[in-house]
> 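What follows is a structure written as structure tokens; I'll ask about it next.
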Protein chains: 2
Amino acid sequence: MITSTVENYLKALFLLDQHGEKEVSTGELAKSLSVTPGSATSMIKTLAEAGLIEHRPHYGVKLTERGRTLAVHVVRRHRIVELFLVEILGMDWSKVHDEAEQLEHVVSDEVIERMDVLLKHPTFDPHGDPIPRADGTLPSQSHYTLSKSKVGQQLSVSRMNDQDADFLQFAEKHGLMIGEKITIVEHNKLADSLTIKTRDNTVILGLSAAANIEVCDA
Amino acid sequence: MITSTVENYLKALFLLDQHGEKEVSTGELAKSLSVTPGSATSMIKTLAEAGLIEHRPHYGVKLTERGRTLAVHVVRRHRIVELFLVEILGMDWSKVHDEAEQLEHVVSDEVIERMDVLLKHPTFDPHGDPIPRADGTLPSQSHYTLSKSKVGQQLSVSRMNDQDADFLQFAEKHGLMIGEKITIVEHNKLADSLTIKTRDNTVILGLSAAANIEVCDA
DNA sequence: TTTATACTTTTGACTAATCAAAAGTATAGG
DNA sequence: CCTATACTTTTGATTAGTCAAAAGTATAAA
Ligand SMILES: [Mn+2]
Ligand SMILES: [Mn+2]
Ligand SMILES: [Mn+2]
Ligand SMILES: [Mn+2]
């Protein structure tokens with residue numbers, strides 16, 4: 001049975017290793033789902049028996065083709081729902097993640113495809129994440145994290161790495177929304193901070209906060 | 001914890017006794033939820049301990065004020081979601097009940113209120129059932145079942161008593177949609193059938209099918 | 001008043017998911 | 001090669017929900 005718990009585990013594995021390269025450790029998985037390592041181990045056993053992951057005990061797990069396909073569809077549902085909530089219902093982008101976390105497990109394929117049409121086959125969700133297509137492929141994107149950008153660069157905010165509502169509201173308040181043009185004014189290595197010019201503000205961010213904002217060349 | 005199972009039990013109790021008059025028996029409740037009587041008994045115990053129902057062993061149960069309030073809100077979510085799926089996403093009215101059965105447990109109040117606004121505070125769902133208001137009150141309605149209507153009466157289809165997709169599709173095919181004007185042409189007591197004139201058809205229904213369609217004076 | 005019947009409740013077992021804590025394993029450092 | 005450390009797995013218990021089947025109860029009929 002593909003319960004919503006199973007879907008959450010598969011999605012977490014996909015998000016921790018988008019490209020299917022490394023093995024994900026039990027601890028990493030447990031942490032990302034806020035469960036104890038023992039819970040993760042027992043679910044790992046279940047998923048492995050169901051042929052959704054491959055488990056090398058004491059080393060880690062990897063999604064099988066079938067597991068990845070399921071995971072990508074959950075991600076598609078999540079991101080279409082998020083965009084729908086923002087675009088059609090006018091909800092705040094900082095709140096839709098939690099709502100989508102539940103809805104992703106119950107909306108039918110038909111509803112998702114109708115939302116997809118209404119939204120004109122969107123490619124990115126409100127946080128800048130790519131929306132997997134119905135066939136499971138992902139639109140390509142090329143952004144890098146703000147914390148690694150050079151001074152003087154003209155950039156465009158393209159993705160938020162953190163879905164926390166407070167963080168998203170903070171970002172919005174300072175003009176750091178998806179699509180906004182920004183310039184890096186100063187990188188103070190001693191203060192570990194970045195001074196950024198947005199449309200009508202100047203913000204100073206610590207590097208760890210900057211790491212949660214991704215950008216692409218403007 | 002108000003799990004979706006609890007919500008389903010409360011909703012079932014409300015629908016089996018809208019006016020809070022009679023006591024609902026364990027067997028009735030079990031049947032309406034497709035669970036065994038033993039399962040119903042054990043959930044009844046849980047709900048009674050939580051103060052959501054009152055249980056007179058071997059006689060039946062009744063929603064408490066708090067239980068009824070919760071149930072009405074689940075019904076509100078269900079019916080707003082149904083109408084939203086039909087009106088905004090263009091889904092078939094015969095399919096939205098099952099979808100809403102799941103969504104009613106996960107959509108937040110904020111989403112429901114936004115749908116309500118978008119739908120301009122609707123009072124009836126796609127099957128003609130009243131949508132409870134946010135304060136828990138119900139819009140009044142006065143329909144009676146088609147099987148009890150008199151020959152010659154000019155009527156208007158106002159509510160479907162059966163949510164089964166096949167039945168709803170059958171009704172639609174013969175012009176028996178909510179709001180349609182119809183006339184009863186003949187009531188054949190021997191054949192136990194009703195001949196009905198719709199906009200551009202004449203349909204013959206058995207009385208038990210007619211009992212699933214409610215009407216009001218045109 | 002006894003008995004048959006229909007219904008309800010109890011009992012015992014099972015599944016999914018979780019946690020705390022004990023036991024086991026991999027490996028880097030000495 | 002041995003051991004300390006960090007991590008993983010196992011064990012045992014718990015909670016929500018379910019079912020099948022046994023036991024109990026209410027009541028109408030005899
Ligand atoms: Mn999200
Ligand atoms: Mn989720
Ligand atoms: Mn319905
Ligand atoms: Mn439901």
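In what follows, chains are A, B, ... by sequence order, proteins preceding strands, each numbered from 1.
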> So which atom in A/K22 and which in A/L16 form the shortest heavy-atom distance, rounded to 0.1 Å?
CE-O, 3.4 Å
> Rounded to whole Å, how long is the line connecting atom CD1 of B/I53 with atom P of C/dT8?
13 Å
> Write down the distance between CD1 (B/I2) and P (D/dA16), rounded to a whole number of angstrom.
12 Å
> Distance check needed: D/dC7 C1' versus A/L29 CG, whole Å only.
14 Å
> Heavy atoms under 4.0 Å, any strand shown: does B/G27 hit a base, just sugar-phosphate, or nothing?
sugar-phosphate
> Relative to the 5' end of DNA chain C, which residue comes earlier, B/G60 or A/A40, by the nucleotide with the nearest heavy atom?
B/G60
> Do the side chains of B/R114 and B/E110 get close enough for a salt bridge, i.e. N-O under 4.0 angstrom?
yes
> Under a 3.5 Å cutoff, is there a donor and acceptor pairing between the side chains of A/S158 and A/H143?
yes
> Could you check if a side-chain atom of A/V203 sits within less than 4.5 angstrom of a side-chain atom of A/L194, using non-hydrogen atoms only?
no
> To the nearest Å, how far apart are A/K31 NZ and D/dA6 C1'?
13 Å
> Is the CD atom of B/E54 crowded by more than 12 outside heavy atoms at less than 6.0 Å?
no
> Between A/K95 and A/E99 (salt bridge meaning N to carboxylate O under 4.0 Å), is one present in this structure?
no
> Less than 3.5 Å apart, any donor N or O on the side chain of B/N8 or B/H105 sitting next to an acceptor on the other?
yes
> Testing A/E214, A/H97, A/R159, A/E82 for side-chain hydrogen bond (donor to acceptor under 3.5 Å, both in side chains) with A/H127, which one passes?
A/E82
> Could you pull out the protein-nucleic contacts involving nucleotides 24-27 of chain D (nitrogen or oxygen on both sides, under 3.5 Å)?
{"residue": "D/dT25", "atom": "O4'", "partner": "B/H58", "partner atom": "NE2", "Å": "3.4"}
{"residue": "D/dA26", "atom": "O3'", "partner": "B/Y59", "partner atom": "OH", "Å": "3.4"}

> For nucleotides 13-17 of chain C, give me every protein contact, N/O to N/O, under 3.5 Å, one pair per line with atom names.
{"residue": "C/dA17", "atom": "OP1", "partner": "A/T3", "partner atom": "OG1", "Å": "2.3"}

> Which whole-number value in Å describes the distance from B/E23 CD to C/dC7 C1'?
15 Å
> In this structure, how many angstroms lie between the C1' atom of D/dG17 and the CG atom of B/N8, rounded?
12 Å
> When all nucleic acid strands are considered with a 4.0 Å heavy-atom cut-off, which category describes B/T26: base, sugar-phosphate, or nothing?
sugar-phosphate
> Consider side-chain hydrogen bond (donor to acceptor under 3.5 Å, both in side chains). Of B/K11, B/H73, B/R79, B/R77, which one does B/E104 pass it with?
B/K11
> With sugar-phosphate meaning primed atoms plus P, OP1 and OP2, does A/T36 contact a base, only sugar-phosphate, or nothing at under 4.0 Å between heavy atoms?
base
> Output the rounded distance in Å from NE2 (B/H105) to C1' (D/dA16).
15 Å
> Rounded to whole angstrom units, what separation is found between the NE2 atom of B/H55 and the C1' atom of C/dT8?
8 Å
> Reckon B/S39 has a side-chain N or O less than 4.0 Å from the OP1 or OP2 of D/dC19?
yes
